[in-house]
Enquirer: 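One structure coming up, written as structure tokens, with questions to follow.
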There are 2 protein chains.
Amino acid sequence: MAFTSQRPGEPTPPISDAHRGPTGVLEVPQRFLMGPGPANAEPRILNAQSLPLLGHMHPPFLKIMDEVQQGLRYLFQTDSKYTLCASGTGHSGMEMAIANLLEPGEKILVGNNGIWGTRVADMAGRFGAEVVELKTEAGTSFSLDTLTAAVEKEKPAVLFLCQGESSTGVHQTLAGVGDLCRKHNVLLLVDTVCSLGGVPLYADAWKVDAIYSGSQKCLSAPPGAAPLMLNDRALEKVRARKTKVRSYYFDLNLVGDYWGWFNSRSYHHTGMTSMWYAMREALAIVAEQGLESMWERHEAAHKQLWEGLSALGLQPFVEKPEDRLVTVNTIKVPEGIDWAAVSKNAMDKFNVEIAGGLGPTAGKIWRVGLMGYNAKPANVELVLAAFKDGLRQQGWELAAN
Amino acid sequence: MAFTSQRPGEPTPPISDAHRGPTGVLEVPQRFLMGPGPANAEPRILNAQSLPLLGHMHPPFLKIMDEVQQGLRYLFQTDSKYTLCASGTGHSGMEMAIANLLEPGEKILVGNNGIWGTRVADMAGRFGAEVVELKTEAGTSFSLDTLTAAVEKEKPAVLFLCQGESSTGVHQTLAGVGDLCRKHNVLLLVDTVCSLGGVPLYADAWKVDAIYSGSQKCLSAPPGAAPLMLNDRALEKVRARKTKVRSYYFDLNLVGDYWGWFNSRSYHHTGMTSMWYAMREALAIVAEQGLESMWERHEAAHKQLWEGLSALGLQPFVEKPEDRLVTVNTIKVPEGIDWAAVSKNAMDKFNVEIAGGLGPTAGKIWRVGLMGYNAKPANVELVLAAFKDGLRQQGWELAAN
């Protein structure tokens, strides 16, 4: 071989076909993703991903970024200018928030009642923060009294809470937490990956300083973009840092500039064209449906699910009704039942994903996600049919029917 | 409002419609992306992104990940088991490589002849590495003699080179560099974002230890996945680290496990479903076309472009023919010509993107990308027509015609 693009002295042996492949057009099976996420995407959102690409600095693309920012303001219920999507999955939003809000040596108080607190603690430690974990039993949330005592004792720079803990199905109330944090000059950071769009959230009214989320849950988009919001207090902290953010990719002083937060609009990285088309479309659907209607729809699916599960004799893992998350539902595996066989049967026979536990709940529960495009009556009925069939196969005596 | 999902004590004021929007189905204009990237995507690849989602741990999805890894082995011309895509744009591959290959205090020698060396130096500094920059004039590459002297003097842990410097249009030869690095126990890290698939690269034969790239250039996929490869030497370094990788999101000890590099295949983050469908499809197209055919096609487009540009009286920015990159072509702006007006006319009249310079070349050059789906005769003709028209408007006396 001889190419113009071959440099003198570079050997160009015959090309190895040892790993040549794959070939043919990709086909994928249809699945009902009723686990903790990703949920199925809206077809309209998937279609947006097949639109032709634009350049990452072209005016029509910058307009799409503006629309994403606007849609996020509505979704977060904030007037803050500082919204964007991190170019990665939900974890990238988490890492972006941690990397920017904390300087090395600063303290973060991590509410840890499942796997997300554990992960935030790990990340914050990697970025050089002092990490104090506040733990509570899996399946429970933190009371305002507990949080108040911990904040007063630890005097952290940042308090982390997870609104929807998907490993346990717990909904953490934020009532009073914003005021607590303002009083003690603490920044309040909240994970809303599996709750945003499914349950009430008012960033400004609740005084939440920073929030990140994911695209693939209640927003019905594919995984790959992490919605993020800072208010003025949080942004001020980032702008006044004494040390550079350790990650270039996640440095909000730079990424924010690409999104138009500051004076210029300069190139930082190449925006994720198709993924941001998807986010724009997901947020258009949110705006068209309205938050109230979305919250009601998620609540209705949750009620329908539990009416059916109760009739089958199944019990919620989360004891207190006010701790139960409507978007990710956790169900106790009854004594003597092989949870994995029920999940396998659901997938094999119904193409339905019913997940098991994770972290502290592994082997103890099933998890059923009712999120976004999947939070609707037909999907709930399918899940119930799969449970009924799977339990019957194991001789479970159904409470009703 | 009253919701089951409303927690006691959480205020739920009326939802603000102040930022409600956007609405309607997204439409985007058709553009010919003939700048340094992203390039236009293959329609077949865009179509793959509208396939229904799978779960990130579902066997059919893991099979797609396996196919991506296989396709990358062929593309990188390596037998290494350690290939994957970082969940982000090209910059995420850069950050992943830097974060994993260097421990705090270790030295990296950065070949800096444009903006990518500058960026690697910035990133490596943030991760606590000792950074030594080796610079050369914009538009030139590093000779093996220069590299040898620098490696012998600095004794770095890692040497960074950029195969295709998109800000200047320089193709850095790797001839002899792998042997140099082996001799001095240095890891060789190469950026191939705008060159991979367009020009020869043989990871194993050339003894390149670590490579990252981007999806949106010669692979004709959207931006959002960063192909990455480590060989055994590089992996050994990562496995034997004394300190945790500072980034959780990019820690290859964890991400690699999700991709099946080690014993288990455990959850690290939610894979980017649609984007990895796109990568699988892009790599299928690579395997179907074959690398030799791809390299020839890119070379042919480059030759066609320069025949046309020469006829218009335009000159290459890169002096030495053996330093010229075929995928991103840099063209001197002649004395008295308003480069921005030519670019604007190309976009307004022909829907063609012709980029200006960046960093050291801003205002001095145009940049024309001939990559992937765009490296074909019709696109080259369109670019030439746009140049001809734009130059004529400014009274440029054409050398021919």
Side-chain angles (χ1 to χ4, degrees), chain A residues 3-7 9-10 12-13 15 19-23 26 28 30 33 38 41 46-53 55 67 70 73-74 87-89 91-92 95 123 126 173 175 199-200 205 222-224 244 246 248-249 269-270 272-275 280-281 284 287-288 291 295 299 326 353, chain B residues 3-7 9-10 12-13 15 19-23 26 28 30 33 38 41 46-53 55 67 70 73-74 87-89 91-92 95 123 126 173 175 199-200 205 222-224 244 246 248-249 269-270 272-275 280-281 284 287-288 291 295 299 326 353:
Chain A
F3 297 100
T4 303
S5 52
Q6 182 191 344
R7 303 296 97 162
E10 280 182 349
T12 51
I15 291 164
H19 306 286
R20 189 166 176 171
T23 56
L26 179 64
V28 302
Q30 177 75 52
L33 305 179
L46 292 175
N47 288 344
Q49 293 196 121
S50 55
L51 290 168
L53 300 187
E67 290 185 348
Q70 178 195 357
R73 277 179 207 115
Y74 175 66
S87 293
T89 62
H91 275 91
S92 74
E95 188 147 319
M123 271 185 194
R126 289 170 187 253
T173 179
V199 307
K244 258 192 190 178
R246 283 188 175 176
Y248 173 90
Y249 191 64
H269 70 286
T270 301
M272 304 177 83
T273 327
S274 300
M275 187 64 230
R280 184 273 177 207
E281 208 64 359
E288 289 164 16
L291 282 173
W295 298 343
E299 176 179 298
V326 302
E353 177 182 14
Chain B
F3 297 100
T4 301
S5 52
Q6 183 191 344
R7 302 295 99 163
E10 281 182 349
T12 51
I15 291 164
H19 306 286
R20 190 165 176 172
T23 55
L26 179 65
V28 302
Q30 177 75 51
L33 305 178
L46 292 175
N47 289 343
Q49 294 195 121
S50 55
L51 290 168
L53 300 187
E67 290 185 347
Q70 178 195 358
R73 277 179 206 115
Y74 174 68
S87 292
T89 63
H91 276 90
S92 74
E95 188 147 318
M123 270 186 196
R126 289 170 188 253
T173 178
V199 307
K244 259 191 188 179
R246 283 188 176 176
Y248 174 90
Y249 191 64
H269 69 287
T270 301
M272 305 177 82
T273 327
S274 300
M275 187 64 229
R280 185 273 177 205
E281 208 64 0
E288 288 163 16
L291 283 173
W295 298 343
E299 176 178 300
V326 302
E353 177 182 14

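Chain A is the first sequence line, chain B the second, and so forth, proteins listed ahead of strands; every chain is numbered from 1.
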Enquirer: Which bit of A:Glu281 is near chain B, if near means a heavy-atom gap under 4.5 Å: side chain, backbone, both or neither?
Expert: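 Only the side chain of A:Glu281 comes within 4.5 Å of chain B.
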Enquirer: Please classify the contact of B:Leu33 with chain A as side chain, backbone, both or neither, using a heavy-atom distance under 4.5 Å.
Expert: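 It is the side chain, since no backbone atom gets that close.
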Enquirer: So which heavy atom on A:Tyr74 is nearest to which on A:Leu291, and how close?
Expert: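 Smallest interatomic distance, heavy atoms only, reads OH-N, 2.9 Å.
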Enquirer: Applying side-chain contact (heavy atoms from CB on, under 4.5 Å), run through A:Ser87 and A:Tyr249 and close with a yes or a no.
Expert: CA-CA 9 Å; A:Ser87 293; A:Tyr249 191 64; 3.2 Å; yes
Enquirer: Give, as side chain, backbone, both or neither, the part of B:Glu67 having an atom under 4.5 angstrom from any heavy atom of chain A.
Expert: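 The answer is both parts of B:Glu67.
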Enquirer: Top residue by heavy-atom pair count (under 4.5 Å) with chain A, among B:Lys244, B:Met123, B:Arg280?
Expert: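 Most heavy-atom pairs under 4.5 Å with chain A: B:Arg280.
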Enquirer: Under a 4.5 Å heavy-atom cutoff, which of A:Ser50, A:Gly9, A:Ala48 has the most pairs with chain B?
Expert: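 The residue among A:Ser50, A:Gly9, A:Ala48 with the greatest pair count is A:Ser50.
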Enquirer: When heavy-atom pairs shorter than 4.5 Å are enumerated against chain B, which of A:Arg73, A:His91, A:His269, A:Arg246 gives the highest number?
Expert: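 Top option by heavy-atom pairs under 4.5 Å: A:Arg246.
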Enquirer: Can you tell me how far apart CE (B:Met272) and CD (B:Gln49) are? Round to the nearest 0.5 Å.
Expert: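 Rounded to the nearest 0.5 Å, the CE-CD separation comes to 10.0 Å.
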Enquirer: Closest heavy-atom contact between A:Pro22 and B:Ala287?
Expert: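 The pair with the smallest heavy-atom distance is O-CB, 3.4 Å.
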Enquirer: Nearest 0.5 angstrom please: B:Leu46 CG to A:Asn47 CG, how far?
Expert: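 B:Leu46 atom CG to A:Asn47 atom CG measures 12.0 Å (nearest 0.5 Å).
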Enquirer: Side chain from CB out, backbone as N, CA, C, O: work out which of these in B:Glu288 comes under 4.5 Å of a heavy atom of chain A, or both, or neither.
Expert: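 Contact with chain A involves both backbone and side-chain atoms of B:Glu288.
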Enquirer: Taking every non-hydrogen pair under 4.5 Å, which of B:Thr270, B:Thr273, B:Leu53, B:Val199 racks up the most with chain A?
Expert: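 When all of B:Thr270, B:Thr273, B:Leu53, B:Val199 are compared, B:Leu53 has the most.
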Enquirer: For each of B:Ala205, B:Pro52, B:Gly55, tally heavy-atom pairs with chain A at distances under 4.5 Å, and name the one with the top tally.
Expert: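 Looking at each option in turn, the highest pair count goes to B:Pro52.
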Enquirer: Evaluate side-chain contact (heavy atoms from CB on, under 4.5 Å) for A:Ile15 paired with B:Trp295, printing each intermediate quantity in order.
Expert: CA-CA 11 Å; A:Ile15 291 164; B:Trp295 298 343; 3.7 Å; yes
Enquirer: Which atom names give the shortest non-hydrogen contact between A:Gly21 and B:Gln70, and what distance separates them?
Expert: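 So the minimum-distance heavy-atom pair works out to CA-NE2, 3.6 Å.
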Enquirer: What part of B:Glu353 is in contact with chain A, defined as an atom under 4.5 angstrom from a non-hydrogen atom: side chain, backbone, both or neither?
Expert: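 Contact with chain A: side chain only.
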